[in-house]
Structure formats: C-alpha cells, structure tokens
S.K.: 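The following block contains the structure, expressed as structure tokens.
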2 protein chains.
Amino acid sequence: MVFADFLRGRRRDLLSAQDLEALEAAVADVRNLPPRKTFISRDQNITMSTYLIDGVMCRYMDDRQGERQLVAVHVAGDFVDLHGYPLGHLDHDLATLTACRVALVPHVALDHLVATRPALTKLLWFSTLLDAAMHREWIFRLGRLDAIARVSHFFCETEAKLRAIGRSDGSHFILPMTQADLGEACGITSVHMNRMLRELKDRNLLAMHRHDVEIRDRKGLARLGEFDPAYLFLDDQN
Amino acid sequence: MVFADFLRGRRRDLLSAQDLEALEAAVADVRNLPPRKTFISRDQNITMSTYLIDGVMCRYMDDRQGERQLVAVHVAGDFVDLHGYPLGHLDHDLATLTACRVALVPHVALDHLVATRPALTKLLWFSTLLDAAMHREWIFRLGRLDAIARVSHFFCETEAKLRAIGRSDGSHFILPMTQADLGEACGITSVHMNRMLRELKDRNLLAMHRHDVEIRDRKGLARLGEFDPAYLFLDDQN
DNA sequence: CGCTTGGTTGAATTTTATCAACTACGGTGG
DNA sequence: CCACCGTAGTTGATAAAATTCAACCAAGCG
C-alpha cells in the first residue's frame with residue numbers, strides 16, 4: 001500500500017476504493033533515496049511524477065549567488081511533483097532532506113487515469129492546488145511578517161501538516177532541518193534564525209534541540225505567526 | 001468569443017476547436033465589474049469560477065493590521081479563480097484593480113467537462129499550475145531579493161505576461177497600479193517603492209508615469225531582478 | 001585526535017520602515 | 001471658471017530590523 005498517507009486528514013473519504021486501486025496500479029517503481037540529494041533538477045524533461053511514501057523532501061530555487069530559497073517542504077503522503085505532469089517540466093529543483101522512500105508514477109499512466117476517472121482526477125488536481133495554497137501563505141509570510149513571526153508561522157504550518165499524518169502529537173515532532181535550512185525557508189540568514197529560535201525559547205513558545213521540536217505554547221505561537229490553518233484544507237483539526 | 005485570450009501565447013494550440021466550444025458553452029454569465037472592488041471574499045462558498053475577459057484583477061491576503069499582501073495580479077485571459085473549483089472555497093480575496101469584464105463558469109459545468117474532456121481538463125489543470133509556478137517565483141522574489149531587485153523582477157514578469165497577450169510591445173505598457181499597490185505586491189512600503197522607482201529611473205532601466213510603464217533597458221532590468229521567464233511557460237518569447 | 005558541520009555570540013554596517021511634512025494633480029461643486 | 005478636496009506621489013530625518021563578518025564552541029565521526 002503505497003498511498004496510505006495520500007490526502008490523509010484531507011478529503012481522503014472522497015477517494016473511492018476503486019480509484020485508490022487504480023492509483024496504486026499506476027505506480028511503476030518504488031525507490032529509496034539518500035538524504036540531502038537533489039533528485040530532480042529544473043528544466044530536465046520529466047516523464048514521471050514522484051510520490052513521497054516516507055521521509056522529508058524540499059523544493060527550492062537558487063539565486064544568482066547560489067543561495068537557496070525553499071519554496072516547499074514535503075512530508076509523507078505528498079505527491080511532490082505531480083504538478084510536473086500538466087507542466088511537463090519543473091521550474092525548480094527537488095531534493096531530499098532525509099533518506100526517502102518514493103513511488104514513481106509515469107505520466108502516461110496519469111493520462112489514462114485522467115481519461116477514465118474524473119473523481120480521482122479532481123482529487124489529484126486538488127492535491128496540486130493544496131501546494132499552491134501553501135505557496136500563497138509563504139508569499140504572505142515573506143511579504144508581511146517580520147522574522148520572528150515568519151519562523152512562528154513556519155513551525156505552525158509544519159506542525160499542522162505533520163499532525164494530519166500522525167507525525168506530531170500537537171506538542172512534539174521531528175523536523176530534520178538545520179537552522180540554515182530553516183533560514184532558507186523563511187528568507188532570513190542562519191545567524192538570524194539562530195537568534196529567532198532563541199527568542200522563541202525565551203518567550204516560552206517553542207524549543208528546538210537538534211531536530212526535536214517542542215511546541216510549548218501553540219496558541220501563542222499561532223498568534224505571533226498570524227497562523228490560521230484554513231488554507232491547509234484539513235478535515236477538522238481546530 | 002469569451003475565451004479569445006485563454007492560454008494565448010501558451011500551448012493555445014492544444015486547445016481543440018471542440019474543447020474551446022465546450023468551454024464557451026459552459027459560461028453561465030458575463031458581467032462588468034467596477035474598479036477597486038472585492039469580488040470574492042475568502043471563506044465564502046463558491047459555486048462558480050471567474051474568467052477574466054478584460055481588465056486587471058488581483059488576489060490578496062490581509063495581515064492582522066489589515067495590511068494587504070498581493071499574491072497574484074491577473075490580466076485578460078486568466079482563469080482567475082479556477083482553483084476554487086477543486087478547492088471549494090478560496091483562501092484569499094479576489095478584487096478588481098480596473099473595471100473588468102468577467103465570465104462566470106459554474107462548477108457543475110466544469111464537472112461535466114472533467115468527466116467528458118480529458119485534454120481540456122489537463123489544460124485547465126495546467127492553467128491553475130501556471131499560477132502556482134508564479135507563486136513560487138514570488139516566494140523566491142520575496143525571500144531572496146532586495147527591494148530594488150524585487151521591483152525589477154515584478155516589472156519583468158508583468159511585462160512578459162502582457163506581451164504574451166499583446167498588451168505590451170516590449171518597451172511600453174499600461175499597468176493600472178499605484179505605488180502603494182506595487183508595494184503590496186513586492187512586500188515593501190509605498191514610500192520605499194517610490195524610492196526604488198526613482199532609482200530605476202536614475203539607472204535608466206525603467207520609468208513609470210501614472211500608469212504608463214516604459215522599459216528602457218529590459219536586459220538590464222532582468223539582470224537586476226534575476227528574472228528568467230522560463231517559469232511562465234510561454235511558447236517562445238526570448 | 002583532528003576535522004567537519006552545525007550552532008552561538010558580539011560588533012559594525014546596511015537595508016528598510018516609520019513618521020511627518022509637503023507637492024502635484026484630477027475631479028467636483030459652487 | 002476657479003477654489004477646494006482627496007488621492008497619489010515625493011522628500012528628509014530617525015529608528016528598527018536584519019545582514020555581514022569574524023570568531024568561537026560543541027558534537028559526531030573518521
């Protein structure tokens with residue numbers, strides 16, 4: 001069962017048993033990837049899409065000096081580059097953060113699904129638009145929030161996503177990102193990220209040791225980060 | 001002919017005559033909207049999607065103090081909130097900048113198209129993912145570029161989009177946005193936007209009077225803004 | 001043990017926001 | 001026709017936020 005976490009916590013009930021079966025049948029290959037490895041580069045032609053079974057991946061773009069800007073962080077259950085199917089190629093790079101297990105689905109198989117399974121098609125489309133909704137929230141975060149609020153917002157989002165797939169109990173989770181990675185996600189330097197993390201700890205909102213994140217005050221963190229999970233389209237989850 | 005500019009400059013040839021006809025038949029209503037009016041608010045349930053026939057619209061989110069962050073600017077030919085079809089509701093507001101002419105397409109009609117026209121479905125999906133690609137570029141812009149580069153990048157993007165639909169000749173176009181609007185798009189204050197526009201003029205890159213934009217050095221502007229139009233998925237256009 | 005990576009700290013500098021005036025200009029009403 | 005008004009744009013001074021640079025510490029690994 002490859003797609004166990006697909007849309008988990010998000011309209012999973014709309015995925016009929018037959019559609020799920022068809023989706024499983026579309027998988028051409030399952031692969032294990034090493035950590036910190038770029039799996040797909042921008043502009044390379046792609047004929048398959050990558051579904052993340054387990055692990056953490058990210059998508060990023062480089063500026064002229066080679067500095068990264070993360071545009072998305074992906075966890076188990078994410079159809080990471082399904083958007084490459086209608087687009088034909090990616091406009092960014094895709095890399096692993098941890099060791100990952102991924103399933104590859106050929107675009108020709110997706111063509112078949114689109115031609116025969118409208119309900120599934122709409123759900124696949126939906127899943128790509130979830131990413132777009134998160135993109136918008138990242139724009140908001142970078143455009144309107146200061147550093148401390150950006151970091152708070154990022155952790156709130158990440159916690160909510162992990163909780164939806166059972167990888168967070170609401171106050172504790174593993175996030176395999178360095179402070180430099182976090183800075184690349186939030187548009188600040190790693191030095192400043194370090195100071196912001198300390199401030200969050202001082203304010204008793206959040207503490208991170210290595211890759212262990214402890215949310216000490218979720219309400220307070222959400223207030224500071226102006227976080228409202230509506231854009232994640234989760235089934236309920238307060 | 002409502003969809004004359006749809007996908008213009010971008011795989012328009014993949015849209016068959018029959019599919020186009022079916023799309024035209026799906027339009028339930030055509031409306032004229034006044035300028036500077038919020039047309040759809042976040043969280044309101046929507047049953048139709050909005051295609052922009054002519055005019056300029058924007059999508060935005062408010063922070064807690066009510067300050068706006070634009071997340072997209074739309075021009076003729078954009079299926080502005082097609083993503084609301086799979087999502088069910090919007091996570092942001094949609095407003096006009098100028099007076100606009102829009103076509104409304106009921107989601108039930110889209111359901112019918114998805115069930116019967118796979119090629120059209122894929123193109124509609126594609127068009128929503130173009131927006132996602134632009135979102136990513138906006139994330140990059142806000143996360144990695146300083147103010148002057150952000151502004152340059154924004155103008156490069158806008159010029160390229162307008163050129164694709166014949167609203168720019170490469171050096172001159174109309175952009176009905178105030179300096180405050182531009183600031184809300186680029187994540188800077190209107191005061192700072194004013195200074196950046198002056199600097200662009202001083203550097204002989206771009207001059208804007210009222211809503212008249214004159215690109216004086218497109219190459220230079222693109223270099224400064226680290227702009228590469230690949231993410232716009234245009235047919236050619238250097 | 002020494003090396004590398006990630007994290008921490010302080011000081012100086014740069015960038016951008018904020019605040020407060022003030023100007024230019026296109027309507028509108030008298 | 002002109003005075004007035006509101007919006008958009010402009011400018012300078014000051015303050016706040018974040019970067020940069022340079023050093024140093026700590027842990028994990030060969």
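Below, all heavy atoms of this structure are taken into account, side chains as well, without hydrogens, waters or symmetry copies. Chain identifiers are assigned alphabetically (A, B, ...) following the order of the sequence lines, protein sequences preceding nucleic acid strands; residue numbering begins at 1 within each chain. Please read these numbers as outputs of a predicted model, since none were measured by experiment.
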S.K.: Determine, stepwise, if the pair B:Arg136 / A:Asp131 fulfils salt bridge (charged side-chain N to carboxylate O under 4.0 Å, His left out).
M.R.: CA-CA 10 Å; B:Arg136 286 190 284 278; A:Asp131 285 335; over 6 Å; no

S.K.: Applying salt bridge (charged side-chain N to carboxylate O under 4.0 Å, His left out), run through A:Arg8 and A:Asp78 and close with a yes or a no.
M.R.: CA-CA 10 Å; A:Arg8 184 168 161 198; A:Asp78 287 350; over 6 Å; no

S.K.: Indicate for each nucleotide in nucleotides 7-24 of chain C, in 5' to 3' sequence, whether protein heavy atoms under 4.0 Å reach the base (B), only the sugar-phosphate (S), or nothing (-).
M.R.: SBBBB----SSBB-----

S.K.: Do A:Leu142 and A:Arg150 make a side-chain contact, defined as non-hydrogen atoms from C-beta onward lying under 4.5 Å apart?
M.R.: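 When only atoms from C-beta onward are counted, A:Arg150 and A:Leu142 do touch, with a gap below 4.5 Å.
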
S.K.: Identify the 5'-most and 3'-most nucleotides of DNA chain D with at least one atom closer than 4.0 Å to a non-hydrogen atom of chain B.
M.R.: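 For DNA chain D, the relevant span reads D:dA8 to D:dA13.
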
S.K.: Of all residues at least two apart in sequence or in a different chain, which pass the ring pair (Phe, Tyr, Trp, His ring centres under 6.0 Å) check with A:Phe155?
M.R.: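 With neighbours one apart ignored, the set is empty.
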
S.K.: Going by atom types only, do B:Glu137 and B:His153 share a side-chain donor-acceptor pair under 3.5 Å?
M.R.: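 Their side chains do contain a donor-acceptor pair, which is all the 3.5 Å distance test asks for.
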
S.K.: Examine B:Arg68 relative to B:Tyr60 and say whether NZ or CZ is less than 6.0 Å from the centre of the six-membered ring and inside a 45° cone about the ring axis.
M.R.: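 Geometry flag: set, cation within 6.0 Å and 45°.
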
S.K.: Stepwise, does the ring-ring contact (aromatic ring centres under 6.0 Å, His included) test hold for B:Phe233 with A:His89?
M.R.: CA-CA 10 Å; B:Phe233 289 76; A:His89 64 88; 4.8 Å; yes

